[in-house]
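Working notes, structure below.
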Amino acid sequence: EYGGVFQLEMLKIGVTAIGLLGTDPFNMVIVIGVRFAPKIELGFGFTLSGLGGILAIERSLDSAALRDGLKDGVVGLLLFPADPVAAAPQILNQLGKIFPPRAGGFVIGPIAELGWGSQAGFVKARLGVVISLPDPKLVLLGNVQIGVPSADVDEKLRVIDLRAEIMGEITPEYFFLKVSLAKSKLFKLEVTGDIALFIQWAGEGAFALSVGGFFPGYEAPKQIG
């Protein structure tokens, strides 16, 4: 298996490509993002600063690995990373865990970097929506950052710095959504916590909602983890 990270910046346009390639048998996964400046104004304070996509052939998407990596900021690590070359070993390790080789597997979907607050950028959101086959599921990847005075300045200068990793999943059997706060602060107060929602309509059906965790004696659905 071979892996690599490519980064190029030219004329205020930055291109990042992260990929793994297996040769016996053949399989591959690649995440490509293109950032541009200045941001494109979409109206009502919303901006677009990046576009790209995810493509995996003969690989699948491991929902459990993605869910377990939320607290470590795995979505922000894979989608438009700030310094992909420096973080290359960690990025490639997570990429291999989340998109493991699987015969007949196929994953594809777009990614985008959006913002709110015009060029000041109080809110930054890196989002992706992918379809994973052959076991059909639609997966939402999200990394949302709220910063004051701006999400674009150095983190040491932010008075408010809230970072949420988001994972959503829709399959023929259930809907699952998890939001995880980590490495966040309000002034000097550290903020952490999880919110999870699970709705199952196949079989006997199930519903579970967690804000901060379940009672220790409750056996939560395995999809929540």
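What you see below is based on every heavy atom in this structure, not just the backbone, and it leaves out hydrogens, waters and symmetry mates. Residue indices begin at 1 and follow the sequence shown. Because the structure is a prediction, the values reported are computed rather than measured.
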Hey, does the side chain of [X] reach the backbone of [Y] with a donor-acceptor pair shorter than 3.5 angstrom?
X	Y	result
Thr23	Phe26	no
Lys137	Leu61	yes
Arg163	Asn143	no
Asp24	Gly22	no
Trp201	Pro172	yes
Ser184	Ala182	yes

Whether [Y] and [X] form a salt bridge (side-chain N of Lys/Arg under 4.0 Å from carboxylate O of Asp/Glu) is what I want to check.
X	Y	result
Asp62	Arg67	no
Glu190	Lys185	no
Asp161	Lys183	no
Arg35	Glu113	yes

Is the closest side-chain heavy-atom distance between [X] and [Y] below 4.5 Å?
X	Y	result
Leu95	Leu78	yes
Ile54	Ile108	no
Leu20	Tyr2	no
Phe80	Ile111	yes
Lys178	Phe198	no
Leu66	Ser63	no
Asp194	Ser210	no
Leu141	Leu127	no

Same cluster for [X] and [Y] if Ile/Leu/Val/Met/Phe/Trp/Tyr side chains link at under 4.5 Å?
X	Y	answer
Val153	Phe122	no
Val159	Leu157	no
Leu21	Leu55	yes
Leu209	Ile166	yes
Leu114	Phe44	yes

Criterion side-chain contact (heavy atoms from CB on, under 4.5 Å) on Val34 and Leu51, from CA distance to verdict: CA-CA 5 Å; Val34 179; Leu51 287 172; 5.6 Å; no
Within this structure, what is the [atom1]-[atom2] distance for the pair [X] and [Y], rounded to the nearest 0.5 Å?
X	Y	atom1	atom2	result
Ile98	Ser60	CD1	OG	11.5 Å
Ile57	Phe99	CD1	CZ	13.0 Å
Leu197	Ile195	CG	CD1	10.0 Å
Thr16	Leu79	OG1	CG	11.5 Å
Ile146	Leu162	CD1	CG	5.5 Å
Gln94	Ile18	CD	CD1	11.5 Å

Modelled atom types, side-chain donor and acceptor of Thr47 and Glu41, under 3.5 Å: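 Per modelled atom types, Thr47 and Glu41 side chains form no pair under 3.5 Å.
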So which atom in [X] and which in [Y] form the shortest heavy-atom distance, rounded to 0.1 Å?
X	Y	result
Val5	Pro84	CG1-CB, 3.6 Å
Val144	Ala125	CG2-CB, 4.1 Å
Val107	Ser132	CG2-OG, 3.8 Å
Ala56	Arg59	CB-CB, 4.0 Å
Phe207	Ile199	CD1-CG1, 3.7 Å
Gly105	Pro134	CA-CD, 3.9 Å

Pair listing, salt bridge (charged side-chain N to carboxylate O under 4.0 Å, His left out) test, anchored in residues 87-100, at least two apart: none
Inter- and intrachain pairs under salt bridge (charged side-chain N to carboxylate O under 4.0 Å, His left out), touching residues 73-95, at least two apart: none
Stepwise side-chain contact (heavy atoms from CB on, under 4.5 Å) check, Val123 with Gln145: CA-CA 6 Å; Val123 179; Gln145 196 169 347; over 6 Å; no
Flag if over 12 foreign heavy atoms under 6.0 Å of CG, Leu48: yes
Trace of the side-chain contact (heavy atoms from CB on, under 4.5 Å) decision for Ile40 with Leu42: CA-CA 6 Å; Ile40 298 175; Leu42 302 178; 4.3 Å; yes
Verdict with reasoning, Glu165 to Ser180, per side-chain hydrogen bond (donor to acceptor under 3.5 Å, both in side chains): CA-CA 5 Å; Glu165 292 271 314; Ser180 182; over 6 Å; no
